[in-house]
Amino acid sequence: MAGDAVVPWTAARAAAQNLGVRCPAAVRLVALDDAVGAALAADLVALVGTPAYDAAAMDGYAVAGRGPWVVRGRLLAGSGEPPPDLRPGEAVEIATGAPVPGGTEAVLPYESAVCDDAATRVRGEIEPGRHVRWAGEDTRPGASVLAEGAVITPATAGLAASLGHDRLPVRRPTVDVLVSGDEITAAGIPAHGRVRDAIGPVLPGLVRWAGGEVVGVGRVADTFGDMLAALRSSADTKADVIAVCGASSKGPADHLRDALGTLGATPVVDGVACRPGHPQLLAHLGEPSSPGPVVVGLPGNPNAALVAALTLLAPLLAAAAGRPDPGSDSALPAALPVEGEVRPHHRDTRLVAVRVESGRVARPVGHDRPGSLRGAAMADAFAVIPPDWRGSSARLVWLPAG
Ligand SMILES: Nc1nc2c(c(=O)[nH]1)N[C@H]1C(S)=C(S)[C@@H](COP(=O)(O)OP(=O)(O)OC[C@H]3O[C@@H](n4cnc5c(N)ncnc54)[C@H](O)[C@@H]3O)O[C@H]1N2
Ligand code: MOO
């Protein structure tokens with residue numbers, strides 16, 4: 001894969017997003033708890049109404065007509081048989097959530113009820129309709145409650161369950177991760193000259209945050225043959241995206257570009273005018289008319305890889321998932337004044353790890369050199385500092401909050 005056409009940071013993000021739109025992930029039905037973080041691939045429709053039946057909203061007495069009422073028995077939630085209808089002047093002792101009998105006008109809570117000694121008659125003030133959850137008063141059966149593209153949160157999963165769903169249709173792009181570098185070790189304290197893999201642990205959470213799913217992690221040695229074989233077998237897994245960590249530069253051990261060239265990949269972004277993260281790349285296998293899998297090259301320096309993941313990987317995945325990019329969350333400020341020392345780069349856009357204070361000010365946290373995730377671990381976002389920045393406000397790219 002040839003090319004030195006470094007693109008501006010905003011153009012790189014837009015290119016990744018456009019490619020994601022061209023490669024929508026297939027729709028899959030997944031269990032509710034697995035669906036959290038993905039985007040709905042269809043409107044969420046109520047299979048049952050909520051509440052599904054007329055139910056007591058308080059522990060007390062379901063009553064009909066005017067009191068005092070004769071107490072006809074007791075109803076608990078889940079007791080099965082539909083209760084006989086109440087006639088005016090009758091009541092039934094009832095637990096919260098139990099279906100109210102036909103004829104119920106209100107529920108009289110225990111704290112408002114006065115019983116005779118044998119608890120066979122009860123008196124009290126009622127308001128018609130009060131303390132009953134009427135069927136469908138929140139959601140009618142068949143109602144559409146969330147639109148396609150909405151991000152599935154834990155609350156959505158619970159809502160879907162109460163509307164009768166066991167699984168939800170989602171577009172969740174799959175990501176196969178390849179970690180390159182002969183010096184990289186996966187566990188423990190590295191020996192001299194060896195380096196712990198600090199990118200692999202970032203990706204599952206970040207990918208999920210962007211609506212995707214890591215489905216495999218492989219290791220690649222620093223040879224052309226190994227990189228080529230790893231890309232081929234990764235493509236065979238049918239993952240939507242292959243994320244390669246390291247080997248993105250042009251050193252003697254960096255074989256990603258050559259291997260992509262041999263595979264006939266189409267370059268989309270080859271170098272981005274940002275610091276850190278400038279060697280990142282985006283390409284795809286397959287035909288331009290049906291691109292895929294998409295290959296994202298993340299630089300080996302871990303903070304550079306994180307910047308690249310927010311620049312290319314997250315926008316790509318979010319678009320392929322049919323959801324908004326979480327790095328530009330519309331519920332969070334898009335830009336804030338930056339307080340603290342920040343110097344623009346003479347040519348490239350800098351991404352500076354910042355902590356957001358009281359939602360009003362972004363303050364650089366430091367420790368954000370390309371090789372260190374210490375700053376990012378303390379930060380809420382990266383402030384985007386273009387070369388012509390004059391101070392004051394900067395655009396923010398939000399980090400996954402955990
Ligand atoms: N002559 C030039 N050399 C370099 C340039 C350049 O423009 N001209 N760019 C530098 C920048 S910026 C970066 S970033 C790196 C990118 O290098 P690669 O993507 O090829 O990655 P490696 O060479 O394999 O590793 C770089 C560095 O990162 C460490 N590393 C790699 N993988 C991991 C990992 N999974 N976890 C933690 N650390 C990792 C690796 O040990 C190296 O120290 O190129 C510069 N060079
Ligand atoms: O991607 Mo490199 O930071 O710019 O270290």
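Counting starts at 1 for both ligands and their atoms, in listed order. All values below were derived from every heavy atom in this structure, side-chain atoms included, with hydrogens, water molecules and symmetry-related copies excluded. The chain is numbered in sequence order, starting from 1.
Counting only N and O atoms by type, the side chains of Thr153 and Thr156 include a donor and acceptor under 3.5 Å apart. A side-chain donor-acceptor contact under 3.5 Å links Thr311 and Trp9. Asp116 and Thr120 form a side-chain donor-acceptor contact under 3.5 Å, judged by distance and modelled atom types alone. Asn303 and Ser372 share no donor-acceptor pair across their side chains, judged by distance under 3.5 Å alone.
The salt bridge (Lys or Arg N to Asp or Glu O under 4.0 Å) test with Glu93 is passed by exactly one of Arg121, Arg74, Arg72: Arg74.
Side-chain atoms of Leu206 and Leu306, non-hydrogen and from C-beta on, do get closer than 4.5 Å to each other. You'll find the side chain of Asp388 stays beyond 4.5 Å of the side chain of Pro344, heavy atoms only. Annotation: side chain of Glu90 is not in contact with side chain of Trp69 (no heavy-atom distance under 4.5 Å). Taking the side chain as every heavy atom from C-beta outward, Arg28 and Pro169 never approach each other to under 4.5 Å. The closest side-chain heavy-atom distance from Val151 to Pro324 is below 4.5 Å.
Taking a cut-off of under 4.0 Å to the non-hydrogen atoms of Arg196, the atoms of ligand 1 that pass are 36 (N), 37 (C). Contact atoms of ligand 1 toward Glu183: 40 (C), 41 (O) (distance under 4.0 Å to a heavy atom of the residue). Interface of Asp197 with ligand 1, defined as ligand atoms under 4.0 Å from a residue heavy atom, comprises 34 (C), 35 (N), 36 (N). Ligand-side atoms of ligand 1 in range of Pro299: 14 (S), 19 (O), range being under 4.0 angstrom from any heavy atom. Close approach to His278 involves these atoms of ligand 2, each under 4.0 Å from a residue heavy atom: 1 (O), 4 (O). Residue Pro370 has at least one heavy-atom neighbour below 4.0 Å for each of these atoms of ligand 2: 3 (O), 5 (O). Residue Pro276 has at least one heavy-atom neighbour below 4.0 Å for each of these atoms of ligand 2: 1 (O), 3 (O), 4 (O). Interface atoms of ligand 1 facing Pro302, defined by a heavy-atom separation under 4.0 Å, are 37 (C), 38 (N). Atoms of ligand 1 lying under 4.0 Å from any heavy atom of Asp254, numbered from 1 in the order shown and given with element: 20 (O), 23 (O).
Counting only non-hydrogen atoms, the option in Val195, Ile199, Asp182 that gets closest to atom 34 (C) of ligand 1 is Ile199. In the candidate list Gly300, Gly297, Gly277, Gly300 is nearest to atom 38 (N) of ligand 1, counting heavy atoms. The option from Ser249, Ala304, Gly271, Ala308 that lies nearest to atom 45 (C) of ligand 1, judged by heavy atoms, is Ser249. Taking only non-hydrogen atoms, the option from Lys250, His278, Arg194 nearest to atom 10 (C) of ligand 1 is His278.
For Ala247, the closest heavy-atom approach to ligand 1 falls below 4.0 Å. Under a 4.0 Å heavy-atom criterion, Gly251 is not in contact with ligand 1.
Scanning the protein heavy atoms around atom 19 (O) of ligand 1, the nearest turns out to be Ser248 OG, 2.6 Å. Annotation: atom 36 (N) of ligand 1 to nearest protein heavy atom, Ala198 N, 2.9 Å. When hydrogens are left out, the protein atom nearest atom 11 (C) of ligand 1 is Pro279 CG, 4.0 Å; that is the closest non-hydrogen contact. Regarding atom 13 (C) of ligand 1, its nearest protein heavy-atom neighbour is Asn301 ND2, 3.6 Å.
Residue contacts with ligand 2, taken as heavy atom pairs separated by less than 4.0 Å, involve Pro299 solely via side-chain atoms from C-beta onward.
Using a 4.0 Å cut-off between charged nitrogen and carboxylate oxygen, Glu183 and Arg194 do not count as a salt-bridge pair. Classification of Glu341 and Arg343 as a salt-bridged pair holds, one side-chain N sitting under 4.0 Å from a carboxylate O. Salt-bridge check for Arg133 with Asp138: failed, with every basic side-chain N at 4.0 Å or more from each acidic carboxylate O. Look at Asp197 and Arg219 and you find no salt bridge, because none of the NZ, NE, NH1 or NH2 atoms lies under 4.0 Å from a carboxylate O.
For atom 32 (N) of ligand 1, the nearest protein heavy atom lies closer than 4.0 Å.
Where the criterion is an N or O separation shorter than 3.5 Å, residue side chain and backbone included, Arg275 fails it with respect to ligand 2. Taking any N or O of Ile184, backbone or side chain, none lies under 3.5 Å from an N or O belonging to ligand 1. Ligand 1 has no N or O atom lying under 3.5 Å from any N or O atom of Leu298, backbone or side chain. Residue contacts with ligand 2: Gly277 is placed with a nitrogen or oxygen under 3.5 Å of a nitrogen or oxygen of the ligand (distance criterion only).
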Query - side chain to side chain donor-acceptor pair (under 3.5 Å) between Thr50 and Arg140, worked out - result: CA-CA 7 Å; Thr50 56; Arg140 300 219 164 271; over 6 Å; no
